[in-house]
Amino acid sequence: MIELLGILLVVQGGGGLLNRLLGAHSPSWFVQLHVLPPSLHVVASVVMVLAGAAVLAGTRKRRG
C-alpha cells in the first residue's frame, strides 16, 4: 500500500512539473495545480517527486 503512495506522488509531481514546464494553461488532473497558487506549482511538483522517490526507495530498502 505504501508503494502506491510513492507511485502516486511521483506521477502527480512529475506530471504537474511537466505540465508547467511545457507551458500548458490547463491544470489537468494534477492536484497541486488546483490547490496551490501558481507561484508554488513548480516547487510543489519537485517536492512531490522527491517525496515519492524517497517513499519508494524506503520500501525497497525495507524489503532487503
Side-chain angles (χ1 to χ4, degrees):
M1 186 69 171
I2 194 80
E3 293 91 2
L4 184 59
L5 175 65
I7 292 169
L8 182 64
L9 284 170
V10 169
V11 168
Q12 283 287 309
L17 183 62
L18 286 173
N19 187 302
R20 287 298 145 209
L21 292 178
L22 295 176
H25 298 290
S26 161
S28 189
W29 54 277
F30 304 109
V31 175
Q32 72 276 24
L33 303 183
H34 287 281
V35 177
L36 298 173
S39 61
L40 295 177
H41 287 173
V42 173
V43 174
S45 295
V46 170
V47 168
M48 288 175 76
V49 168
L50 294 175
V55 168
L56 291 173
T59 58
R60 286 186 187 260
K61 187 181 289 188
R62 193 171 16 160
R63 283 187 183 174

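Each residue takes its place number in the sequence, starting with 1. This is a predicted model, so every value here is computed, not measured.
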task: Kindly give the heavy-atom pair with the smallest separation between Val42 and Leu17, and that separation in Å.
output: CG1-CD1, 3.7 Å

field: All pairs passing side-chain hydrogen bond (donor to acceptor under 3.5 Å, both in side chains) where residues 16-27 contributes a residue, at least two apart
entry: Arg20-His41

Cluster link Leu21 to Val46, ILVMFWY, side chain under 4.5 Å: yes

query: Given the rule that I, L, V, M, F, W and Y join up when any side-chain heavy atoms are under 4.5 Å apart, are Leu50 and Val43 in one cluster?
result: no

List, one per line, each side-chain donor-acceptor pair under 3.5 Å for residues 27-35, sequence neighbours excluded.
| from | atom 1 | to | atom 2 | distance (Å) |
| --- | --- | --- | --- | --- |
| Gln32 | NE2 | Gln12 | O | 3.1 |
| Gln32 | NE2 | Ser45 | OG | 2.9 |
| His34 | NE2 | Ser28 | O | 2.7 |

query: Any link between Ile2 and Leu9 through a network of hydrophobic side chains (Ile, Leu, Val, Met, Phe, Trp, Tyr) touching at under 4.5 Å?
result: yes

task: Go through the structure and list residues passing side chain to side chain contact (heavy atoms under 4.5 Å, CB included) with Ile7, not counting sequence neighbours.
output: Val11, Leu56

